[in-house]
Amino acid sequence: MLAYFGPQGTFTEQAARAFSAADPAHDDLVPFDTVPAALAAARRGEVDAACVPVENSVEGAVPATMDALTEGDPLVAVAETVLDVRFSVLVRPGAGEPKTIASHPHALAQVRHWIAENLPTATAVATTSTAAAARAVLAGEFDAAVSAPVAVRHYPLEVLATDVADVRDAKTRFLLLRRPGPLPRPTGHDRTSVVVTATDRIGALSDLLAELALRRINLTRIESRPTKGRLGEYRFYIDLDGHAAEPGVGDALAALRRHCPDTRFLGSYPKAEPVLRAEAGARAEPGGSPAADEFVAAAEWVASLREGLGA
Ligand SMILES: O=C(O)C(=O)C[C@]1(C(=O)O)C=C[C@@H](O)C=C1
């Protein structure tokens with residue numbers, strides 16, 4: 001069973017269907033109304049895995065996911081997928097000019113200009129998800145919903161506009177998370193995610209990042225969120241190229257853990273779009289760690305010293 005951030009008709013449901021198509025073990029999809037609820041079901045073992053959004057190319061990180069990943073028992077990502085995001089605006093059949101337009105805050109932020117141009121008098125209202133907005137429009141709570149195009153299959157509404165997006169080629173990345181277990185096998189196009197809390201001292205963050213640079217590991221994303229403890233104390237969510245099974249990445253993870261004992265591993269998993277990232281100039285070589293051979297050779301050398309076989 002696979003939990004997803006629902007209800008039915010969210011973009012996350014589409015992502016969950018992509019994961020389920022790739023792995024027939026996930027043929028039973030169960031919607032949850034919030035990201036924390038979907039992740040909690042995976043933590044309790046009620047479902048095998050949970051699918052949640054993690055970042056959008058226009059609006060950035062999904063804070064609900066970031067917070068829920070560090071609160072409670074660990075979960076690790078085993079796969080990711082990226083979806084194109086374009087919206088449909090749905091209304092009740094025969095309704096007049098919408099006075100209210102509802103959606104997930106990330107979705108509203110991606111159609112702000114469209115609303116200003118096409119429904120200038122409508123008030124935007126936040127709902128828990130794009131599909132929750134469609135459900136609320138059906139119930140008469142709001143007049144229009146900014147939804148995933150598939151939502152109209154689940155809710156008998158009329159399509160006022162399709163292909164709505166202020167930014168062309170917007171994309172959202174989704175993770176498939178489960179309780180810690182054997183890692184997916186390295187593919188040569190992997191990503192590793194980790195959360196660290198940097199202590200409040202000069203150079204703390206730079207020291208952490210230097211551990212990656214020294215090992216020639218490409219950092220693909222860094223986001224911060226407050227720890228919610230002291231003002232000014234932050235967690236850093238780090239994505240890097242490579243797999244924990246690779247010597248250089250494993251070595252870097254150990255170094256991060258030495259700096260920061262509450263480092264939380266969030267998984268090593270195949271990248272959804274290795275070619276696009278490479279084209280963007282993030283890195284030319286496939287595989288996580290260009291220096292993998294050097295790490296193996298150096299570790300073998302140290303092992304031989306310890307055995308008294310080398311110098
Ligand atoms: O509400 C949904 O349909 C979702 O799946 C969530 C979400 C998001 O969190 O960004 C996913 C993709 C879109 O960017 C808008 C909303």
Side-chain angles (χ1 to χ4, degrees), residues 2-20 26 29-39 41-42 47 49-69 77 79-90 101-115 124-139 141-142 144-155 157 159 161-177 193 221 223 225 237 239 272-273:
L2 199 169
Y4 69 90
F5 170 42
Q8 279 192 315
T10 55
F11 283 99
T12 313
E13 184 193 3
Q14 282 174 260
R17 291 201 178 282
F19 287 131
S20 121
H26 299 313
L29 304 189
V30 194
F32 286 82
D33 279 344
T34 64
V35 166
L39 295 180
V47 292
C51 172
V52 294
V54 64
E55 66 171 322
N56 169 262
S57 60
V58 179
E59 263 309 283
V62 181
T65 299
M66 294 168 77
D67 289 347
L69 285 177
E80 70 170 18
T81 191
V82 174
L83 292 186
D84 292 329
V85 175
R86 284 182 189 193
F87 300 93
S88 290
V89 177
L90 307 181
I101 180 159
S103 199
H104 187 277
H106 261 62
L108 289 173
Q110 292 177 73
V111 299
R112 212 173 271 140
H113 297 302
W114 186 91
I115 295 177
V125 188
T127 49
T128 53
S129 69
T130 56
R135 204 162 60 173
V137 168
L138 195 60
E141 290 170 42
F142 308 115
V146 178
S147 297
V150 294
V152 76
R153 291 194 213 147
H154 299 285
Y155 308 98
L157 294 167
V159 180
T162 50
D163 221 16
V164 174
D166 292 348
V167 178
R168 291 286 123 192
D169 299 327
K171 293 185 193 306
T172 298
R173 185 163 71 96
F174 300 83
L175 292 178
L176 183 68
L177 294 133
S193 299
R221 174 173 177 247
E223 298 270 357
R225 289 284 296 158
Y237 293 70
D239 283 355
E273 39 179 1

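Just follow the structure's listing: the first ligand is 1, and inside any ligand the first atom is 1.
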For Ser129, the ligand 1 atoms whose distance to one of its heavy atoms is below 4.0 Å | 1 (O)

In terms of atom number and element, which parts of ligand 1 are under 4.0 angstrom from non-hydrogen atoms of Thr12?
-> 4 (C), 5 (O)

Could you give me the CA-CA distance, side-chain angles and deciding distance for Ser88 and Val152, then say whether side-chain contact (heavy atoms from CB on, under 4.5 Å) is met?
-> CA-CA 9 Å; Ser88 290; Val152 76; over 6 Å; no

Report the member of Pro53, Ala16, Ala15 with the shortest heavy-atom distance to atom 9 (O) of ligand 1.
-> Pro53

For atom 13 (C) of ligand 1, which candidate among Phe5, Tyr4, Phe11 provides the closest heavy atom?
-> Phe11

Side-chain donor/acceptor of [X] to backbone N/O of [Y], under 3.5 Å:
X: Ser147; Y: Thr130; answer: yes
X: Glu80; Y: Ala272; answer: yes
X: Tyr155; Y: Leu138; answer: no

List the closest protein heavy-atom neighbour of atom 3 (O) of ligand 1: residue, atom name, distance to the nearest 0.1 Å.
-> Thr130 OG1, 2.4 Å

Part of [X] within contact of ligand 1 (heavy atoms, under 4.0 Å):
X: Thr172; result: side chain
X: Asn56; result: side chain
X: Gln110; result: side chain

Partners meeting side chain to side chain donor-acceptor pair (under 3.5 Å) with Arg86 (sequence neighbours left out) = Asp163

Output every pair passing side-chain hydrogen bond (donor to acceptor under 3.5 Å, both in side chains) with a member in residues 58-68, not counting sequence neighbours, ordered by first then second residue.
-> Asp67-Arg225, Asp67-Lys228

